[in-house]
Protein chains: 2
Amino acid sequence: MVMNQQNLDLVFNALADPTRRAMLARLSKGETNISTLASPFNISQPAISKHMRVLEKAGLIERTRKGREHIISIAPAPAKQASEWIAFYTSHWETRFDAVDAYLKQHNLHNPKN
Amino acid sequence: MVMNQQNLDLVFNALADPTRRAMLARLSKGETNISTLASPFNISQPAISKHMRVLEKAGLIERTRKGREHIISIAPAPAKQASEWIAFYTSHWETRFDAVDAYLKQHNLHNPKN
DNA sequence: TTGATTCATAACCATGTGGTTATAGATCAT
DNA sequence: ATGATCTATAACCACATGGTTATGAATCAA
């Protein structure tokens, strides 16, 4: 549990918007510039710019410049820490069980009769 | 991935407030009535009532009445689904690895040299 | 019954947020 | 150089949000 409360504020707040979640989902397939990332959304370019800023302040994305383009990529660490916070406050035995269960399912070792 | 976008909005938004996260952390130790839950916080009773409503609408808590008291308990499922959403959009290999790694550590099967 | 306790609701306020249009700075292409 | 493209910023608007105080409805205790 590395993340402090203020960062958690920023991360959860950033994730609370469906447009920003869709952007992150798109970014999970690979980095792009902002225009490409924005193209599926029916909102103005300044609105996109604001969303980028929110995600960036939360540490959820990283930005590098390539000429006039801003290349955006996902920074998974803060999201993972938010996920860990959730796992921490929900009952421990349950999340532990789920982690194991998911692993077994993914590797076809799961026995539904158990 | 059972949860729809609107529920994710509500859940992440509810988690974005430090007071509400502290309440959930307190609730992770067991159910209480609202007054007890509220006592550590230096805000008015109506403010507490509003936070309860936000958590309840997000499905993060459950409420039962016992006389004049409202007994609040955690409902872990929605939070878990939010956590799963994060795991889904962050790189899959990484979260899978983490799940396995956490399991091994908890059961003292972890070999730091690997 | 009376008073205290638990909680919700209404009305209000200041601030934040997601959207807009207008504008401008860089950079690329011609 | 000129025009198009990519992005940011400023100014604005409507609405949501987190807080407040005031009030009231139930319930418990005496």
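Chain letters run A, B, ... following the sequence lines, proteins first and then strands; every chain starts at 1. Predicted, not measured: the structure shown is a model, and the values here were computed from it.
Nearest heavy-atom pair across A/Phe12 and B/Ala16 is CB-CA, 3.6 Å. Shortest non-hydrogen contact noted between B/Leu15 and B/Leu24 is CD2-CD1, 3.5 Å. The two residues A/Ala14 and A/Ala58 make their nearest non-hydrogen contact at CB-CB, 4.0 Å. The two residues B/Thr32 and B/Leu37 come nearest to each other via the heavy atoms OG1-CB, 3.7 Å.
A donor-acceptor pair is defined here as one N or O able to donate and one able to accept, closer than 3.5 Å; no such pair exists between the side chain of B/Arg26 and the backbone of B/Ala38. For the pair B/Ser28 (side chain) and B/Ala25 (backbone), a donor-acceptor distance under 3.5 Å is present.
Contact annotation: A/Ser49 side-chain N/O to D/dA8 OP1/OP2 distance is under 4.0 Å. Listed pair A/His51 / C/dG19 meets the phosphate criterion, a side-chain N or O lying under 4.0 Å from OP1 or OP2.
Per the geometry, CD1 belonging to B/Ile43 stands 13 Å off P belonging to C/dA8, to the nearest Å. Separating the CD1 atom of B/Ile48 from the P atom of C/dT5 is a distance of 18 Å, rounded to the nearest angstrom. Taking atom CZ on A/Arg53 and atom C1' on C/dG19, their separation rounds to 17 Å, with Å as the unit. Rounding to whole angstrom units, CE of residue A/Met23 and P of D/dT7 are separated by 11 Å. Straight-line distance from the CG atom of A/Leu55 to the P atom of D/dA8: 12 Å, rounded to whole Å. Rounded to whole angstrom, the span from the CG atom of A/Asp9 across to the C1' atom of C/dT17 amounts to 15 Å.
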Determine, step by step, whether B/Leu60 and B/Ile74 satisfy the side-chain contact (heavy atoms from CB on, under 4.5 Å) criterion, reporting the C-alpha distance in whole Å, the side-chain angles of both residues, the deciding distance to 0.1 Å, and the verdict.
CA-CA 6 Å; B/Leu60 289 166; B/Ile74 261 189; over 6 Å; no
Quick one, A/Ile43 with A/His51, criterion side-chain contact (heavy atoms from CB on, under 4.5 Å). Give me CA distance, side-chain angles, the key distance, then yes/no.
CA-CA 11 Å; A/Ile43 56 178; A/His51 283 305; 3.9 Å; yes
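Near DNA chain D, meaning a heavy atom under 4.0 Å from it, residues 31-41 of chain A has A/Asn33, A/Ile34, A/Ser35 in order of number. Contacts between residues 61-70 of chain B and DNA chain C, counted as heavy-atom distances below 4.0 Å, involve B/Arg63, B/Arg68, B/Glu69, B/His70.
Taking for each of B/Gln45 and B/Lys50 the nucleotide of DNA chain C with the nearest heavy atom, the 5'-most of the two is the partner of B/Gln45. Between A/Ala47 and A/Asn13, the residue anchored closer to the 5' end of DNA chain C is A/Asn13, taking for each the nucleotide with the nearest heavy atom. Comparing B/Asp17 and A/Pro46 along DNA chain D, the residue whose closest nucleotide (by nearest heavy atom) sits nearer the 5' end is A/Pro46.
Among residue pairs with one or both ends in residues 45-66 of chain B, those qualifying as salt bridge (Lys or Arg N to Asp or Glu O under 4.0 Å) are B/Glu56-B/Arg63; sequence neighbours excluded.
The nucleotide whose nearest atom lies closest to any side-chain atom of B/Ser44 is, among D/dT20, D/dG18, C/dT21, D/dT20.
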